[in-house]
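For this chain, numbers begin at 1 and follow the sequence in order.
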Amino acid sequence: MSKVMIHPADFQTCQQAVNRAFELFPLDVEGKKVLVKPNVLRTAKSEEAITTHPAVLRAVVKKLESMNPAQLIVGDNPGVFTYGANEKAFADTGLAEASQGHYRNIGAESREVPFNPEYRDTLSVSTAVLDADVIVSLPKFKTHGLTVLSGAIKNSFGILPGAQKAQLHKLAGNPKRFNDLLVEVFRLRVPDLYIVDGIVGMEGNGPASTELRDVNLVLASDNAVALDGVIARLMGVADPGQVRFLATAQKAGLGEYSDEATEVIGELIPIEGFKLPPAGGPDRSGAEKMQAFIDSRTRLRPQADPDMCTGCGACIDQCPASALAFDGEMPKVDPDKCIVCFCCQEMCPEQAMQLQ
């Protein structure tokens, strides 16, 4: 039976929650190489709740420093918009300062590893990930338009440097295969501990939504499947098995998400009125509704909001399928080329790309 901690916290008291996580899920890090991987989607202000909050990272670093590791590295490979600007993303989010001198651009060095040939024969993984004796993953409590939620399993997508993430979106071809692919990437190096920043959560059309909720929780576990199952229930998904990547991960033997297989330490109370991404439907507990939600991802297409779009061209530059081009001063999608990876919506600095 896997354990999942749910601990009340705010940015002032999160050190207590982090310390409790290490008590419940002890790690032997003395004399070892430790990597802490926050969620750094792109450059953003900490109050936007797009990335792991600096207060949570600082608390984790402080705790690990007291445990005498031989090496402590803090790093991530941000998403499409911040390729080649790793340092800027960490500086702008406040995570470089919160790293207390342990930040490293882990995208600068990588090694090829075997992968599932259904997608690609090999992938390039950050050397710091492969060399770490212990990995502590710090996901963010938020929604995701392609996967329903972005939690412990999705956070491991950031072990891949450069443009590979966009390329894998394209290779997957559809949301179902992308959810399955996430599990394959996660399996390359399963982290040892997960501590979720759920103090200010994100609802609606994540992972870069403007709709935020005060959740005031820090969650932790040493099993990603059980943890993401609890996150799903907190968000109002009564049956986490309807989240495609969770069902795939459980089938692969990576853990279980059922109530019977999970010991929750704390109170699991679904968040009233929590908004899942569009097309989830008002009844989010039924299998048919959730499957309809997943299937709907293949029908939605991005469209720029003229009141928010600045015409910067970032969405065009980063589209892995070259499905966007300027139509006058506004980007326009070619629906026949669009692979519904939502990279444009995820990385738009103005959050101007809407899914319709």
Trainee: Decide if atom CD of Gln16 counts as having more than 12 heavy atoms of other residues, nucleotides or ligands within a radius under 6.0 Å.
Mentor: no
Trainee: Any side-chain heavy atom of Met353 sitting closer than 4.5 Å to one from Met308?
Mentor: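 Not touching, per the 4.5 Å side-chain cut-off.
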Trainee: Let me see the working for Glu23 and Asn19 under side chain to side chain donor-acceptor pair (under 3.5 Å), right down to the final yes or no.
Mentor: CA-CA 6 Å; Glu23 291 173 2; Asn19 292 346; over 6 Å; no
Trainee: For Asp131 and Lys33, what are the C-alpha separation, side-chain angles and deciding distance, and is it a salt bridge (charged side-chain N to carboxylate O under 4.0 Å, His left out)?
Mentor: CA-CA 8 Å; Asp131 289 349; Lys33 297 178 181 179; 5.1 Å; no
Trainee: Which pair of non-hydrogen atoms, one from Leu212 and one from Glu203, has the smallest distance, and what is that distance?
Mentor: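 Heavy atoms of Leu212 and Glu203 come nearest at O-OE2, 4.3 Å.
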Trainee: Please evaluate residues Lys32 and Asp28 with respect to the criterion salt bridge (charged side-chain N to carboxylate O under 4.0 Å, His left out), reporting the C-alpha separation (whole Å), side-chain torsions for both, the decisive distance (0.1 Å), and the verdict.
Mentor: CA-CA 8 Å; Lys32 296 183 178 181; Asp28 178 14; 3.4 Å; yes
Trainee: List the steps, then state whether salt bridge (charged side-chain N to carboxylate O under 4.0 Å, His left out) holds for Lys45 with Glu48.
Mentor: CA-CA 6 Å; Lys45 297 178 181 179; Glu48 293 181 82; over 6 Å; no
Trainee: What residues, two or more places apart in sequence or in another chain, satisfy side-chain hydrogen bond (donor to acceptor under 3.5 Å, both in side chains) together with Ser124?
Mentor: Ser110
Trainee: CD of Glu47: more than 12 outside heavy atoms within 6.0 angstrom?
Mentor: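 Yes.
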Trainee: Between Phe326 and Met330, is there shared hydrophobic-cluster membership here, with clusters defined by ILVMFWY side-chain heavy atoms closer than 4.5 Å?
Mentor: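 No, because Phe326 and Met330 fall into different hydrophobic clusters, even though each may have its own neighbours under 4.5 Å.
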Trainee: Pairs in or reaching into residues 39-63: which pass ring pair (Phe, Tyr, Trp, His ring centres under 6.0 Å), with residues at least two apart or in two chains?
Mentor: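 Of all non-adjacent pairs touching residues 39-63, those that pass ring pair (Phe, Tyr, Trp, His ring centres under 6.0 Å) are Phe11-His53.
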Trainee: Should the heavy atoms of other residues, nucleotides or ligands under 6.0 Å from CD of Glu109 be counted, would the total exceed 12?
Mentor: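 Result for CD/Glu109: open.
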Trainee: In the structure I gave you, are the side-chain heavy atoms of Glu267 and Ile6 within less than 4.5 Å of one another anywhere?
Mentor: no
Trainee: Heavy atoms only: give me the nearest Thr51-Leu41 pair and the separation to one decimal.
Mentor: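 So the minimum-distance heavy-atom pair works out to CG2-N, 3.9 Å.
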Trainee: Okay, side chain of Asp334, backbone of Asp336: is any donor-acceptor separation there less than 3.5 Å?
Mentor: yes
Trainee: By side-chain hydrogen bond (donor to acceptor under 3.5 Å, both in side chains), which residues pair with Gln250, not counting sequence neighbours?
Mentor: none
Trainee: Once you round to the nearest 0.5 Å, how far does OG1 of Thr122 lie from CG of Asn116?
Mentor: 12.0 Å
Trainee: Check this for me: Glu97, atom CD, are more than 12 non-hydrogen atoms of other residues, nucleotides or ligands nearer than 6.0 Å?
Mentor: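 No.
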Trainee: Can you tell me how far CG of Leu217 sits from CE of Met5, rounded to the nearest 0.5 angstrom?
Mentor: 9.0 Å
Trainee: When you measure from the side chain of Asp76 to the backbone N and O of Pro78, does any donor-acceptor pair fall under 3.5 Å?
Mentor: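 Judged by distance alone, no pair lies under 3.5 Å.
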Trainee: Counting neighbours of CD on Glu329 that are heavy atoms of other residues, nucleotides or ligands and sit closer than 6.0 Å, is the number greater than 12?
Mentor: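 12 or below, so no.
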Trainee: How close do Ala249 and Ile153 get, counting heavy atoms only, and between which atoms?
Mentor: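 Closest approach of Ala249 to Ile153: CB-CD1, 3.8 Å.
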Trainee: Working to the nearest 0.5 Å, report the span between OG1 of Thr262 and CZ of Arg233.
Mentor: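 Thr262 OG1 to Arg233 CZ: 6.0 Å, rounded to 0.5 Å.
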Trainee: Report yes if some heavy atom in the side chain of Phe186 is under 4.5 Å from a heavy atom in the side chain of Pro191; otherwise report no.
Mentor: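 Yes, close enough: below the 4.5 Å cut-off.
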Trainee: Would you please test Asp133 and Val34 for side chain to side chain contact (heavy atoms under 4.5 Å, CB included) and show each step?
Mentor: CA-CA 6 Å; Asp133 299 310; Val34 180; over 6 Å; no
Trainee: Mark yes or no for whether Thr147, through its side chain, and Leu149, through its backbone, hold a donor-acceptor pair below 3.5 Å.
Mentor: yes
Trainee: How close do Pro139 and Ala152 get, counting heavy atoms only, and between which atoms?
Mentor: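 Taking every non-hydrogen atom into account, CG-CA, 3.7 Å.
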Trainee: Between Asn155 (side chain only) and Lys37 (backbone N and O only), is there a donor and an acceptor less than 3.5 Å apart?
Mentor: yes
Trainee: Specify the closest pair of heavy atoms between Val218 and Ala17, including all atoms of both residues, with the distance to one decimal.
Mentor: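 Smallest interatomic distance, heavy atoms only, reads CB-CB, 3.8 Å.
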Trainee: Run the salt bridge (charged side-chain N to carboxylate O under 4.0 Å, His left out) check on Arg187 and Glu184 step by step: do they pass?
Mentor: CA-CA 5 Å; Arg187 296 174 71 175; Glu184 293 299 316; 3.6 Å; yes
Trainee: Given Tyr103 and Asn86, is the side chain to side chain donor-acceptor pair (under 3.5 Å) satisfied, shown in steps?
Mentor: CA-CA 10 Å; Tyr103 163 72; Asn86 198 304; 2.7 Å; yes
Trainee: If only atom types and distance count, is the side chain of Thr93 paired as donor or acceptor with the main-chain N or O of Ala89 below 3.5 Å?
Mentor: yes
Trainee: May I ask you to test the Leu193-Ser137 pair for a side-chain heavy-atom distance under 4.5 Å?
Mentor: no
Trainee: Is there a chain of hydrophobic side chains (I, L, V, M, F, W, Y, each step under 4.5 Å between heavy atoms) that links Leu146 to Val333?
Mentor: no
Trainee: Mind checking whether Phe22 and Met67 have side chains closer than 4.5 Å, heavy atoms only?
Mentor: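 Side-chain contact under 4.5 Å: yes.
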Trainee: Rounded to the nearest 0.5 Å, what separates atom CZ in Arg213 from atom CE in Met235?
Mentor: 11.0 Å
Trainee: With sequence neighbours excluded, what pairs up with Asn39 under the side-chain hydrogen bond (donor to acceptor under 3.5 Å, both in side chains) test?
Mentor: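 With sequence neighbours excluded, Asn39 shows a side-chain hydrogen bond (donor to acceptor under 3.5 Å, both in side chains) to no residue whatsoever.
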Trainee: Any sub-3.5 Å donor-acceptor pair from Gln242's side-chain atoms to Asp239's backbone N or O?
Mentor: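 Side chain of Gln242 to backbone of Asp239: no pair is present.
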Trainee: In Å and rounded to the nearest 0.5 Å, what is the CG to CZ distance from Leu24 to Arg20?
Mentor: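 Leu24 atom CG to Arg20 atom CZ measures 4.0 Å (nearest 0.5 Å).
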Trainee: Using ring centroids (six-membered ring only for Trp), state whether Phe178 and Phe157 fall under 6.0 Å.
Mentor: yes
Trainee: Looking at residues at least two apart in the chain, or sitting in another chain, which of them share a side chain to side chain contact (heavy atoms under 4.5 Å, CB included) with Ser258?
Mentor: Glu256, Glu260, Ala261
Trainee: Return the CG to CG distance between Leu234 and Asp228, rounded to the nearest 0.5 Å.
Mentor: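 Going from CG on Leu234 over to CG on Asp228, the span is 11.5 Å.
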Trainee: Side-chain contact, heavy-atom cut-off 4.5 Å: His7 with Leu219?
Mentor: no
Trainee: What are the two closest non-hydrogen atoms of Ala172 and Leu181, and how far apart are they?
Mentor: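 Between these two residues, the closest heavy atoms are CB-CD1, 4.3 Å.
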Trainee: Does any N or O in the side chain of Asp197 come within less than 3.5 Å of the main-chain N or O of Ile199, such that one atom is a donor and the other an acceptor?
Mentor: yes
Trainee: So, Lys140 side chain and Val200 main chain: donor-acceptor pair closer than 3.5 Å or not?
Mentor: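 At least one qualifying donor-acceptor pair exists.
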Trainee: Do the side chains of Val74 and Leu95 get nearer than 4.5 Å, heavy atoms only?
Mentor: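 With C-beta onward as the side chain, the pair stays apart.
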Trainee: What residues, two or more places apart in sequence or in another chain, satisfy side chain to side chain contact (heavy atoms under 4.5 Å, CB included) together with Asp121?
Mentor: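 Here the qualifying residues are Pro117.
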Trainee: Think Lys3 forms a cation-pi with Phe25, using NZ or CZ under 6.0 Å from the six-ring centre and within 45 degrees of its axis?
Mentor: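 Output yes; distance and angle both within limits.
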Trainee: When you measure from the side chain of Asp327 to the backbone N and O of Lys332, does any donor-acceptor pair fall under 3.5 Å?
Mentor: no
Trainee: Between Asp305 and Ala352 (side chain of the first, backbone of the second, donor and acceptor by atom type, cut-off under 3.5 Å), is there such a pair?
Mentor: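 Checking the backbone N and O of Ala352 against the side chain of Asp305, no donor-acceptor pair under 3.5 Å is found.
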Trainee: Kindly indicate whether the side chain of Asn77, heavy atoms from C-beta on, has any atom under 4.5 Å from the side chain of Ile106.
Mentor: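 Contact flag for Asn77/Ile106 side chains = yes.
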